[in-house]
Amino acid sequence: MSPYPVADAHVDLITHLLEQTPPLPLPAVASGHLTVDGLRAGAVRFMVCSFYIADSFNGPGTASARLTRLMEAMGAMTAPLRPAFRASTMENIFQEETGPAGFCHLVENCDALLETDLFSLTERGVRLAGLTHVGGNRLADGNAVVCPGGLRAEGRALLHDVAAAGFAVDLSHLAEPGFWEVVEDYPGPLLVSHTGLRTFLDRPRNLSDEQAAAVVERGGLICLTFAPEILAANNQASVDTVTDHIDHLAQCHGTAHLGLGSDFGGFDGTCAGLEDCSRFQDLARALLARGYPEACVAGIMGRNLMDFLGALYPA
Ligand SMILES: [Zn+2]
């Protein structure tokens with residue numbers, strides 16, 4: 001089997017590098033979820049790298065300072081990976097068989113965006129906005145909030161602004177009341193960058209069948225994670241578990257709206273058979289073994305995400 005080029009919709013690369021002791025640039029990381037050799041072995045060609053802002057930073061000044069810190073570190077620590085903020089550049093990198101992978105950005109927890117110029121963010125490759133992490137912020141409630149509410153006034157105002165700036169909204173982590181408001185009202189593209197499915201593990205972090213159907217109806221992309229804690233009870237997830245999640249959506253909606261958002265760098269625990277980024281092609285093999293046509297496998301492994309990004313970023 002020649003490798004299927006991989007595009008990953010959610011990678012916590014910069015957090016991963018900053019959390020090494022001491023913090024290390026990518027080429028100096030020898031093991032773990034994300035390494036230069038692993039990306040090459042897994043045929044990872046493109047990644048959406050998250051600027052993840054922990055809820056402890058939420059608030060005026062602190063959240064935007066954290067975002068600035070992450071953006072500065074990204075430039076300094078991720079060479080030889082290639083920033084690619086135009087559709088044509090992204091596509092060229094994705095189609096190459098060798099050479100370092102490319103990346104663009106999403107913000108995971110957009111509290112900081114209340115004090116950040118959105119157009120300067122787009123120039124730095126950010127065109128995907130995940131409104132919350134697990135807690136509540138000034139915009140909305142995340143998946144861990146008990147009895148969550150919908151979007152707050154600042155959240156609705158920010159949505160208006162990110163739509164005008166040409167962003168897609170990432171629905172991951174958003175509690176259900178806010179989720180449905182965004183699905184119904186947001187005029188731009190929708191993504192779920194890293195998720196599991198409630199039919200396998202029933203918790204607010206995961207998508208219900210109704211939510212998944214609504215995202216598909218809106219033309220959105222749903223990307224399955226490798227984070228074991230949201231794939232299976234007792235963290236007992238494997239490559240077969242991920243394949244089961246993919247297959248559930250594929251049986252309901254086909255494969256055109258499916259992708260992968262590993263969340264590598266952003267979780268503890270292990271998905272057996274998908275321990276790190278070098279193992280992506282084992283998932284392609286698992287899909288082929290279940291009878292998926294090659295074009296569908298190529299779509300899930302990366303083509304569908306590249307088409308989504310190609311429509312989102314300037315030509
Ligand atoms: Zn996350």
Side-chain angles (χ1 to χ4, degrees), residues 7-19 32-34 47-58 63 66-67 70-71 73-74 103-113 126-145 148 155 162 167-176 178-179 182 190-198 200-208 211-212 215 220-232 235 237 241-242 245 258-271 274 276-277 305 308:
D8 189 333
H10 196 106
V11 179
D12 259 346
L13 176 61
I14 194 59
T15 314
H16 179 66
L17 298 176
L18 290 172
E19 284 178 352
H33 282 175
L34 296 160
M47 297 179 284
V48 180
C49 289
S50 172
F51 290 131
Y52 157 63
I53 301 164
D55 284 318
S56 56
F57 291 100
N58 290 349
R66 179 64 179 170
L67 176 58
L70 294 176
M71 288 196 293
M74 190 77 204
F103 63 85
C104 64
H105 295 294
L106 67 80
V107 173
E108 183 173 23
N109 180 3
C110 286
D111 194 81
L113 269 52
V126 181
R127 279 182 185 263
L128 298 127
L131 296 189
T132 70
H133 193 237
V134 300
N137 62 20
R138 288 177 286 168
L139 311 173
D141 286 333
N143 59 275
V145 174
V162 296
F167 279 60
V169 168
D170 178 5
L171 295 156
S172 310
H173 288 293
L174 192 56
E176 267 211 59
F179 172 96
V182 174
L190 300 178
L191 172 81
V192 188
S193 73
H194 59 315
T195 193
L197 301 177
R198 284 190 207 170
F200 298 100
L201 190 63
D202 188 7
R203 54 181 59 184
R205 174 68 181 82
N206 282 341
L207 288 184
S208 68
Q211 288 177 299
V215 174
L221 190 70
I222 302 173
C223 299
L224 280 311
T225 186
F226 303 163
E229 71 265 21
I230 59 172
L231 290 171
N235 290 0
T241 317
V242 176
H245 283 242
L258 289 181
L260 305 175
S262 68
D263 202 16
F264 277 141
F267 62 88
D268 299 319
T270 301
C271 186
L274 292 169
D276 58 60
C277 64
L305 174 61
F308 182 91

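Ligands are counted one by one from 1 in listed order, and the atoms in each one are counted from 1 as well. Nothing here was measured: the structure is a model prediction, and the numbers come from that model.
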Side chain to side chain contact (heavy atoms under 4.5 Å, CB included) between I14 and F51, worked out = CA-CA 7 Å; I14 194 59; F51 290 131; 4.3 Å; yes
query = Is there a side chain to side chain contact (heavy atoms under 4.5 Å, CB included) between M74 and F103 once you walk through the steps?
reply = CA-CA 11 Å; M74 190 77 204; F103 63 85; 3.7 Å; yes
key: Intermediate values then yes/no, side chain to side chain contact (heavy atoms under 4.5 Å, CB included), L70 and L18   = CA-CA 9 Å; L70 294 176; L18 290 172; 3.6 Å; yes
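A donor-acceptor contact closer than 3.5 angstrom links the side chains of D8 and S262.
At a cut-off of 2.8 Å, H133 does not coordinate the Zn ion (ligand 1) through any N, O or S atom. In summary, no N, O or S atom of H10 is located under 2.8 Å from the Zn ion (ligand 1). Residue E108 counts as close to the Zn ion (ligand 1), with an N, O or S atom under 2.8 Å.
Within H194, the N, O or S atom at minimum distance from the Zn ion (ligand 1) carries the name NE2. Distances from the Zn ion (ligand 1) to each N, O or S atom of H173 single out NE2 as the nearest.
Between H173 and H133, the ring planes are tilted. Angles from 30° to 60° get that label.
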